Undergrad: 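To start, I am sharing the structure in question, which I have written as structure tokens.
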Amino acid sequence: MTDRLGALTVVLKDNIREDDAEGLINAIKQLRGVLSVKGHVTDIETHIAEDRVRHELGQKLIKLVYPKS
């Protein structure tokens, strides 16, 4: 039996201003099955920081493996 998801979390690559995020929020609201979209002020720093560090380390690893790509 498959688990059912009640929510998805999207982590942005960089923090963006609330007014700059309006278009993105409105676009997500238009997707089928989306009930609501809420922006979060950067008080969820731990989750965001972990994802960014993971991304940065991945990029550095790619550069190490493929130095001239």
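For the numbers below, each heavy atom of this structure counts, side chains included, while hydrogens, waters and symmetry mates do not. This structure is a prediction, so every number in the text was calculated from the model and none was measured.
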Undergrad: If hydrophobic clusters are built from ILVMFWY residues whose side chains come within less than 4.5 Å, do L12 and L31 share one?
TA: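 Linked, L12 and L31 end up in one cluster.
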Undergrad: Output side-chain donor-acceptor pairs under 3.5 Å for residues 1-10, partner residues at least two apart or in another chain, one line each.
TA:
none

Undergrad: Taking the side chain as every heavy atom from C-beta outward, state whether L57 and L61 have any pair of such atoms under 4.5 Å apart.
TA: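 The answer is no; the side chains never approach within 4.5 Å.
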Undergrad: Is there side-chain contact between K13 and H55, with at least one heavy-atom pair below 4.5 Å?
TA: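 The answer is yes; the side chains approach within 4.5 Å.
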Undergrad: May I ask you to check whether over 12 heavy atoms, not counting those of L35, lie within 6.0 Å of atom CG?
TA: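 Result for CG/L35: open.
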Undergrad: Hey, can you pull the donor-acceptor pairs under 3.5 Å for the side chains in residues 19-30, sequence neighbours left out?
TA:
{"unit_1": "D19", "atom_1": "OD1", "unit_2": "R17", "atom_2": "NE", "d": "3.1"}
{"unit_1": "D19", "atom_1": "OD1", "unit_2": "R17", "atom_2": "NH2", "d": "3.2"}
{"unit_1": "D19", "atom_1": "OD2", "unit_2": "R17", "atom_2": "NH2", "d": "2.5"}
{"unit_1": "N26", "atom_1": "ND2", "unit_2": "E22", "atom_2": "O", "d": "3.1"}

Undergrad: Would you please test N15 and R52 for side-chain contact (heavy atoms from CB on, under 4.5 Å) and show each step?
TA: CA-CA 11 Å; N15 294 337; R52 287 181 181 164; 2.8 Å; yes
